[in-house]
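Just so it is clear, the model here is predicted, and its values are computed rather than measured. Chain naming here is simple, since letters A, B, ... match the order of the sequence lines and numbering starts at 1 in each.
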Amino acid sequence: MIETRFSIPTPSHFSLWRTVYSHGWCALLPFHVDKEAQELVRIIELSDGTLASSSLSNGATGIAVRVRSQVKLSTDQKSEISGLLAMSLRVEEELSGFYAEARRHKQYRWIPETGSGRLLRAPTVFEDVVKMICTTNCSWALTTVMIENLTKHLGRRFADGAYSFPTPEALAGTTEHFLRKNIRAGYRSPYLIELADGVVSGRIDLESWRTSPLTTVELFEKVKSIKGVGDYAAGNLLKLLGRYDYLGLDSWVRSRYYDLHTRGRKVSDRTIERRYESYGTWRGLFFWLEMTKHWFDHKFPF
DNA sequence: GCGTCCAGGTCTACC
DNA sequence: GGTAGACCTGGACGC
């Protein structure tokens, strides 16, 4: 095994572990947090099919990256890995406007101070969409089971025994019966096949969403045109595309809101949305960070 | 041990 | 445009 090391420069107000633990993605394979080594680990599949294992930690000049591969990586391959990791960690996302807005509100000043606000995403939109569909209408425990099954049955095995996330081609090459029986994806199975088929055929261009010229409302409708993606999933996928106009309400976050703001009393979604309207296009990000602030009070980063 | 409910919802048919 | 019912799974809960 050949080891390569490099560093990814980070902007001010960047926190690796606030980003890694920004939501549940770090607990879904191929992402894995090695708490003992204090590293975020994942297998990356490069555009030429090469597999590599990347380990990320805090470094003196940014994110310290350690890559293991079976062949010596070319300059282009190292550059591709660096780009994919930087993109997943939202290193280049412009948040100065968001932080300026946060400083205007006493209750949100902790956000720029802690380097919060960057939401971890997968190297591909395809992976994000598949995972988001697998979070719908089930417990988090079942989501982790479905994603683990997907990677282990349809991903590629690296030398260390870890797996990559399946490609659209790998998913499209299965059957609804296989996904129901082996992945435990249930009624989501035909949705996943249809998504993968659409990507493979070129009918659906998911990767273009990250640089889409569409308005956020238009993009929201486009995301929702994917079978299995409704208001909750589309709202949260937009956050991973850098657009924060939607709250992405689900039962967990509603419950959290009731605990924080209404002493446990249920209120309508419209009431929740009204509370954050004044934060404009950043409202979804303020909302999510407020709902999850307590995670870092108790158990994160280590 | 068994039945029911529900969890980080969505789709379709029907009104 | 609004809503009821169906849809996979698996853990929690009550009996």
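Within 4.0 Å (heavy atoms only), A:Ile226 reaches sugar-phosphate atoms of the nucleic acid but no base atom. Among the protein residues, A:Thr136 comes within range of the sugar-phosphate backbone only, with heavy atoms under 4.0 Å from sugar or phosphate atoms but none that close to a base. Across all strands shown, A:Val145 has no heavy atoms under 4.0 Å from either base or sugar-phosphate atoms. If you check every strand for non-hydrogen atoms under 4.0 Å, A:Asn236 touches nothing. Among the atoms of the strands shown, only primed sugar atoms or phosphate atoms (P, OP1, OP2) are found under 4.0 Å from some heavy atom of A:Ala233.
Spacing of C1' atoms, B:dC11 relative to C:dG10, comes out at 22 Å, to the nearest Å. Comparing C:dA6 with B:dT4, their P atoms sit 14 Å apart, to the nearest whole Å. Across B:dT10 and C:dG11, the matching P atoms stand 23 Å from one another, rounded to whole Å. On the P atoms, B:dC6 is 16 Å away from C:dA4, given to the nearest whole Å. With C1' as the reference atom, C:dC7 and B:dC5 are 15 Å apart, rounded to whole Å.
Counting to the nearest Å, the P atom of B:dC6 and the OH atom of A:Tyr187 are 16 Å from each other. The distance between atom CD1 of A:Ile133 and atom P of B:dG8, rounded to the nearest whole Å, is 18 Å. Between A:Lys224 atom NZ and B:dT12 atom P there is a gap of 13 Å when expressed in whole angstrom units. Rounded to whole angstrom, the span from the NE2 atom of A:His177 across to the C1' atom of C:dC8 amounts to 14 Å. Atom-to-atom, CG of A:Asp269 to C1' of B:dT10 comes out at 15 Å; the value is rounded to the nearest Å. One can place CG of A:Leu237 at 10 Å from P of B:dT10, the figure rounded to the nearest angstrom. Distance CZ (A:Arg270) to C1' (C:dG1): 16 Å, rounded to an integer number of Å. Nucleotide B:dC11 holds its C1' atom 16 Å from the CG atom of A:Leu195, rounded to whole Å.
Using a 4.0 Å cut-off between charged nitrogen and carboxylate oxygen, A:Arg275 and A:Glu277 do not count as a salt-bridge pair. Taking a cutoff of 4.0 Å between a charged side-chain nitrogen and a carboxylate oxygen, A:Arg210 and A:Asp128 qualify as a salt bridge. Remark: A:Glu39 engages A:Arg66 in a salt bridge, criterion side-chain N to carboxylate O under 4.0 Å. Salt bridge A:Glu148/A:Lys152: present, at least one basic N to carboxylate O contact under 4.0 Å. Using a 4.0 Å cut-off between charged side-chain N and carboxylate O, A:Arg68 and A:Glu3 make no salt bridge. A:Glu176 and A:Arg180 are joined by a salt bridge, as a carboxylate oxygen and a charged side-chain nitrogen come within less than 4.0 angstrom of each other. With salt bridges taken as basic N to acidic carboxylate O contacts below 4.0 Å, one links A:Glu273 and A:Arg270.
In DNA chain B, the stems built from three or more successive Watson-Crick or G-U pairs (distances below 3.5 Å) are B:1-7 with C:9-15, B:9-15 with C:1-7.
Under 3.5 Å, the side chain of A:Tyr191 and the base of B:dG9 form no donor-acceptor pair of N or O atoms. At a cut-off of 3.5 angstrom, counting only N and O atoms as typed in the model, there is a donor on one side and an acceptor on the other between the side-chain of A:Arg188 and the base of C:dC8.
Taking the ring centre of A:Tyr276 as origin, the terminal cationic atom of A:Arg283 falls outside the region bounded by 6.0 Å and 45° from the ring axis. Remark: A:Arg18 is positioned above the aromatic ring of A:Phe296, its terminal NZ or CZ atom under 6.0 angstrom from the ring centre and at most 45 degrees off the axis.
Residues A:Ser225 and A:Cys138 both approach DNA chain B. Their nearest nucleotides, taken by heavy-atom distance, put A:Cys138 toward the 5′ side.
Taking the 5.5 Å centre cut-off and the 30° plane limit, the aromatic side chain of A:Tyr232 is not classed as stacked on B:dG9.
Distances were taken from every side-chain heavy atom of A:Lys227 (C-beta onward) to each of C:dG10, B:dT12, B:dA7; the shortest belongs to B:dT12. Side-chain proximity of A:Arg184 to the nucleotides C:dT9, B:dA7, B:dT10 is greatest for C:dT9. The side chain of A:Asp250 lies closest to B:dG8, out of B:dG8, C:dG10, B:dT10. Residue A:Ser251 places its side chain closer to B:dA7 than to any other of B:dA7, C:dT9, B:dT10.
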